[in-house]
Amino acid sequence: MNKKLYTLMTLLVAAALVLSACGPKASKVEVFSWWTGGGEAAGLEAMIKVFNEKYPNIEFINAAVAGGAGTNARAVLATRLQAGDPPDSWQGHAGQELIGTYVAGNQIKPLNDLYQSEGWLSVMPQTLIPLISDNGNIYSVPVNIHRANVLWYNPAVLEANGVSVPTTIDEWFAAMDTLQAAGVTPLALGEQWTKMHLLETVLLGTLGPDKYNGLWTGATDWGSPEVTKALENFQKVLTYANSDSASLSWQDAAKLVVDGDAAFNVMGDWAEGYFRELGKTPKTDYGWAPVPGSVGVFQFLSDSFVLAVGAPDEEAAIAWLKVAGSKEGQEAFNPVKGSICARTDCDKALFGEYLQSAMDDWASNVVVGSLTHGVVANDSWKTEIDTALGLFVQNGDLAAFQNALVAACKNSGPCK
Ligand code: GAL
């Protein structure tokens, strides 16, 4: 090749490279979630960074809708799905939320081929696969495992009041009596969904894992005296909470604890991601324990991503799912998000003290599923429970609440 031609070709190649880097991206992927702030957005951003590095030609459209636990986002998503305008991929919880809603509605596609090509069957936990499968098809890519039954506390506030970390519900009540008498807000609580979150942990803490599981299979009678007892406990726990709970987000409520304005908060471990984002130090600014009565039990949920039927850009969506399921993606996302990897091969050293303890518990505890975060009940059942809870919070009528829970299990659950 003569020298001139060689120089010309080199220039052409260089120009093509510059153009491909600056020009419009070849395709785009719209990913829908509710991770917009307080520890959640930062986790997602870390995973998007991995995506952008791997797929520079695909534009990432972050379609996140604010509101903890997806309360707003899921309504927006439902409207879009109904209008035939799905995002390419969205966040959905492993369990009944996925199977009873999106799979039942033919809104998401099986991913068995992707599981084969990416070798995920050997790195995703065996306990999780049935929760994302139906009729032999696997329907989502789990990115994490979160723990719901965490009692966050302010160590200095407890110490100043001579209170030790409670392990049973009665110890918890005694601790909160002491704190209340000292003028401290014993329990920080937020908006409605955080009350359902509290309810599920108190049900677990009162009934124990077997009877708690039975609530979702029909083996435990929602009308039984033991459930009455659990609801009485829940009612009592509510009396220790701040009075402005309805107007607080989960972040607002959790912050009361690390700021020393309340002693306890029950919240999933995404709160840890938030505490870190606030620059707080584990064991100093916040401590953690299983919700009283649930020592040795890990009440879990798992965020996963799906492939939409009718995804505008299926290839780009698959690229996103590959990152979501990858070791690199999960190792970037989880230490920031406050969750542990769904994958079993992440490097433990990348995680902080709390998450390392969560890994140990996940591996050794009895595992049960969360109601609020989609594992144990489908959307219609959960909605009925939520409506009954909303009324109960207003009128305090425990018998009516329990009757409504019995009816909800008959209408939408396994209690025929
Ligand atoms: C859950 C979700 C978590 C976290 C939390 C608070 O439903 O699984 O990842 O986002 O809501 O918004």
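Index from 1, following the sequence. Counting starts at 1 for both ligands and their atoms, in listed order.
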Asker: Which atoms from ligand 1 have a heavy atom of Trp250 less than 4.0 Å away?
Answerer: 6 (C), 12 (O)
Asker: Does Glu200 pair with Lys195 as a salt bridge, N-O distance under 4.0 Å?
Answerer: no
Asker: Is there any N or O on Gly68 that sits under 3.5 Å from an N or O of ligand 1?
Answerer: no
Asker: Take the angle between the ring planes of Phe60 and Phe51 and call it parallel below 30°, perpendicular above 60°, tilted in between.
Answerer: perpendicular
Asker: Return the closest protein heavy atom for atom 1 (C) of ligand 1 as residue, atom name and distance.
Answerer: His373 ND1, 3.2 Å
Asker: Verify the distance criterion only: is there a donor paired with an acceptor across the side chains of Asn144 and Gln330 at less than 3.5 Å?
Answerer: no
Asker: Does at least one non-hydrogen atom of Gly268 fall below 4.0 angstrom from an atom of ligand 1?
Answerer: no
Asker: Counting each atom of ligand 1 from 1 as listed, which ones have a heavy atom of Trp34 under 4.0 Å away?
Answerer: 1 (C), 2 (C), 7 (O), 10 (O), 11 (O), 12 (O)
Asker: Just wondering, more than 12 heavy atoms not from Lys49 lying within 6.0 Å of its NZ?
Answerer: no
Asker: In terms of residue, atom name and distance, what is the protein heavy atom nearest to atom 2 (C) of ligand 1?
Answerer: Asp303 OD1, 3.4 Å
Asker: What protein heavy atom sits nearest atom 10 (O) of ligand 1, and how far away is it?
Answerer: Glu40 OE1, 2.5 Å
Asker: For residues His373 and Trp34, establish whether the separation of their ring centroids is below 6.0 Å.
Answerer: no
Asker: Any N or O on Trp270 sitting closer than 3.5 Å to an N or O of ligand 1?
Answerer: no
Asker: Can you confirm whether Lys327 is buried at NZ, in the sense that more than 12 heavy atoms of other residues, nucleotides or ligands lie under 6.0 Å from that atom?
Answerer: yes
Asker: If you measure every N/O of Asn144 against every N/O of ligand 1, is any gap under 3.5 Å?
Answerer: no
Asker: Has ligand 1 got any nitrogen or oxygen that is less than 3.5 angstrom from a nitrogen or oxygen of Lys337?
Answerer: yes
Asker: Which atoms of ligand 1 sit under 4.0 Å from any heavy atom of His93?
Answerer: 1 (C), 2 (C), 7 (O), 8 (O)
Asker: Say whether Gln91, considering both its backbone and side-chain N or O atoms, lies within less than 3.5 Å of an N or O atom on ligand 1.
Answerer: no
Asker: If you count every heavy atom of other residues, nucleotides or ligands that lies below 6.0 Å from Glu315 atom CD, does the total exceed 12?
Answerer: no
Asker: Indicate the ring-plane relationship of Phe234 and Phe401, choosing parallel, tilted or perpendicular according to the 30° and 60° boundaries.
Answerer: tilted
Asker: For ligand 1, is any non-hydrogen atom under 4.0 Å from Leu301's backbone (N, CA, C, O), its side chain (CB onward), both, or neither?
Answerer: side chain
Asker: Step by step, would you call Trp172 with Tyr240 a ring-ring contact (aromatic ring centres under 6.0 Å, His included)?
Answerer: CA-CA 11 Å; Trp172 195 19; Tyr240 297 101; 8.1 Å; no
